[in-house]
Amino acid sequence: MYNITNISDQFPILSEKVNGKPLVYLDNAATVQKPKQVIDAIVNYYTHTNANIHRGVHTLSQKATDAYEQARKKVADFIGASTNEIVFTRGTTESINLVAETFGKKFISAGDEIVITEMEHHSNILPWQKLCEEKGAKLIVAPINNSGELMLNEFEKLLSLKAKLIAITHVSNTLGTINPIKKIIELAHSKNIFVLIDGAQAVPHLKVNVKELDADFYCFSGHKMYAPTGIGALYIKEKWLAQLPTYQIGGGVIKTVSFTKTEYIDGPLKYEAGTPNIAGAIGLSAAIDFMNEIGIETIQHHEEKLLRYATEQITQLEKIKIIGTATEKAGVLSFIVEGAHPFDVGTLLDKMGIAVRTGHHCTQPLMEKYKIQGTVRASFACYNTIEEIDVFLEGLKKTIRMLVG
């Protein structure tokens, strides 16, 4: 049985009050709150083990190195990868830029095509846009229907002989749409096209196995899965590690250095120049322990229940239009209040202690497709409750009366 009280009690911030009201935190697609065991893991590192890694012979350095590399193994196990296929990054944005700067610079040429979709986050648009401008390649944008679903027949038609890479989100941060990633990868590979998956909104909510998916690149951010900010991971299929050039270079990525020639190491460390976010990796490891203790499928089931209830209830309100009604959705509910600006809705809800996100959610082209300025977005995590959704809905009713009568 899902013990929501035991789970929510592990998050110190959830006992805070905002504007004198109990906090109802529904901005989880932006970042989730952190459980005590993650906070404790970070404090423990800085209190008892703080040292630089990989290059020290003393005890603290060895302990810190072991913890950091154990975190890499834990990430690998969590997504079904091998340890030497996991690169620690600052998050999804850096991961995508890393692939654009390495795979893109080496394998994309003038006239080639890179395929994305209308629902992509800016972080999965801008690096490819920049690469296409530099290389003389072409950015192809696959359309979605009004429900926010990728049209697979139209998508397949866009996969010409010039297409070299598909970069696509697993779960839309704005619409909640869960894309059929396995089908897309199978289709792509049948045409000798490689695939990068933005998994920032998937890994916290769905069971992901990169080997079963057969992804070439898969990336996600720790702060959306109960870990600290500034840490994330990039899965690089092993065959690519030896082929891709270096990215950032400096201490920690070399075999030998001279003024005439430098030799670089192999494996994931060649992409982790300088002192990494050691505490962040340790925090990510603790976050994975937290998720594993509950069970990712259990979390998914709970969030689906919340989404279903919230959707059923909000559709009964007048002057509400949901943006994103795909059949397969994660715990994201985007909507507009007809006659009211999303910012005003969010501001009034905040006065009631209810935290939602408003705006374009780093998906401006998607907003242009729907011909709207932005949406109000409520998004759910393992600690949210039906009772909190009821508070949100009551607050929304008050807000509608205040703004549009």
Side-chain angles (χ1 to χ4, degrees), residues 54 69 71-89 91-109 111-116 124 127-128 131-132 135 137 159-170 179-200 202-203 207-221 232-249 252-255 262-273 276 281:
H54 293 142
E69 290 304 329
R72 193 190 308 275
K73 183 179 187 306
K74 202 164 289 182
V75 169
D77 291 344
F78 192 65
I79 63 169
S82 300
T83 304
N84 64 349
E85 295 174 310
I86 299 299
V87 176
F88 282 124
T89 66
T92 306
T93 298
E94 183 178 32
S95 296
I96 295 171
N97 276 273
L98 191 159
V99 176
E101 291 292 322
T102 55
F103 176 89
K105 291 291 176 69
K106 184 169 183 179
F107 293 103
I108 301 297
S109 303
D112 288 342
E113 294 175 349
I114 297 171
V115 181
I116 62 173
N124 203 31
W128 310 116
L131 179 67
C132 287
K135 288 283 195 169
L159 304 182
S160 73
L161 294 175
K162 295 179 180 180
K164 291 292 179 67
L165 180 74
I166 295 169
I168 184 171
T169 185
H170 196 156
N179 280 316
I181 293 300
K182 188 170 177 59
K183 286 183 182 178
I184 289 167
I185 293 174
E186 288 173 353
L187 176 62
H189 286 174
S190 73
K191 298 175 178 290
N192 200 32
I193 302 168
F194 306 107
V195 186
L196 174 140
I197 306 299
D198 170 358
V203 172
K207 182 65 176 175
V208 172
N209 186 302
V210 293
K211 291 296 172 72
E212 289 179 4
L213 292 175
D214 196 27
D216 296 289
F217 309 98
Y218 196 106
C219 52
F220 57 94
S221 298
L234 169 64
Y235 162 78
I236 302 179
K237 187 182 285 187
E238 190 167 13
K239 76 171 189 176
W240 291 115
L241 277 169
Q243 298 183 56
L244 299 184
T246 54
Y247 177 48
Q248 295 176 332
I249 51 179
V253 302
I254 56 92
K255 290 180 182 176
T262 295
E263 290 184 272
Y264 296 98
I265 58 175
D266 300 317
L269 287 178
K270 83 178 190 180
Y271 295 117
E272 296 178 18

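Note that the coordinates shown come from a computational prediction; the quantities given were computed from them, not determined experimentally. The figures here come from the full heavy-atom set of this structure, side chains too, leaving out hydrogens, waters and symmetry mates.
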**Prompt:** Taking atom types as modelled, is there a side-chain donor on Ser160 or Glu113 under 3.5 Å from an acceptor on the other?
**Reply:**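 Present: a donor and an acceptor within the cut-off.
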[X] [atom1] to [Y] [atom2] distance, which is reported to the nearest 0.5 Å:
{"X": "Leu244", "Y": "Lys105", "atom1": "CG", "atom2": "NZ", "value": "13.0 Å"}
{"X": "Ile181", "Y": "Ile166", "atom1": "CD1", "atom2": "CD1", "value": "9.5 Å"}
{"X": "Phe88", "Y": "Leu269", "atom1": "CZ", "atom2": "CG", "value": "10.0 Å"}
{"X": "Leu241", "Y": "Asn84", "atom1": "CG", "atom2": "CG", "value": "6.5 Å"}

Taking every non-hydrogen atom, the tightest pair across [X] and [Y]:
{"X": "Ile114", "Y": "Cys132", "value": "CD1-SG, 3.9 Å"}
{"X": "Ser95", "Y": "Ala233", "value": "OG-O, 3.7 Å"}
{"X": "Pro127", "Y": "Ala100", "value": "CB-CB, 4.0 Å"}
{"X": "Lys270", "Y": "Ile265", "value": "CB-O, 3.3 Å"}
{"X": "Leu131", "Y": "Ile108", "value": "CD2-CG1, 4.0 Å"}
{"X": "Ala202", "Y": "Tyr218", "value": "CB-OH, 3.5 Å"}

Report yes or no: does [X] contribute a side-chain atom to a donor-acceptor pair with the main-chain N or O of [Y] at less than 3.5 Å?
{"X": "Ser221", "Y": "Ala200", "value": "no"}
{"X": "Lys106", "Y": "Gln243", "value": "yes"}
{"X": "Glu272", "Y": "Gly252", "value": "no"}
{"X": "Asp216", "Y": "Lys237", "value": "no"}
{"X": "Lys191", "Y": "Leu161", "value": "no"}
{"X": "Asn209", "Y": "Lys211", "value": "yes"}
{"X": "Lys182", "Y": "Glu212", "value": "yes"}
{"X": "Glu85", "Y": "Glu238", "value": "yes"}

Do the side chains of [Y] and [X] get nearer than 4.5 Å, heavy atoms only?
{"X": "Asn179", "Y": "Thr169", "value": "yes"}
{"X": "Pro268", "Y": "Arg72", "value": "yes"}
{"X": "Tyr247", "Y": "Asn97", "value": "yes"}
{"X": "Trp128", "Y": "Val115", "value": "no"}
{"X": "Phe78", "Y": "Ile86", "value": "no"}
{"X": "Ile96", "Y": "Phe217", "value": "no"}
{"X": "Leu187", "Y": "Leu159", "value": "yes"}

**Asked** When you look at Lys135 and Asp112, which way does the side chain to side chain contact (heavy atoms under 4.5 Å, CB included) test go after all the steps?
**Response** CA-CA 9 Å; Lys135 288 283 195 169; Asp112 288 342; over 6 Å; no
Check each of [options] against [X] using the side-chain contact (heavy atoms from CB on, under 4.5 Å) test, and report the only one that passes.
{"X": "Tyr271", "options": "Thr102, Leu234, Thr89", "result": "Thr102"}
{"X": "Phe220", "options": "Asp198, Val208, Val203, Ile197", "result": "Val203"}
{"X": "Tyr235", "options": "Val75, Ile79, Leu196", "result": "Ile79"}

**Message:** Run the salt bridge (Lys or Arg N to Asp or Glu O under 4.0 Å) test on Lys183 and Glu186 for me, step by step, so that the C-alpha distance in whole Å, both residues' side-chain angles and the decisive distance to 0.1 Å come before the verdict.
**Reply:** CA-CA 5 Å; Lys183 286 183 182 178; Glu186 288 173 353; over 6 Å; no
**Request:** Could you check Asn192 against Phe194 for side chain to side chain contact (heavy atoms under 4.5 Å, CB included), going step by step and ending with a plain yes or no?
**Result:** CA-CA 7 Å; Asn192 200 32; Phe194 306 107; 4.1 Å; yes
**Request:** Start with the C-alpha distance between Asp77 and Lys73, add both sets of side-chain angles, then the distance that settles salt bridge (Lys or Arg N to Asp or Glu O under 4.0 Å), and finish with yes or no.
**Result:** CA-CA 6 Å; Asp77 291 344; Lys73 183 179 187 306; 2.9 Å; yes
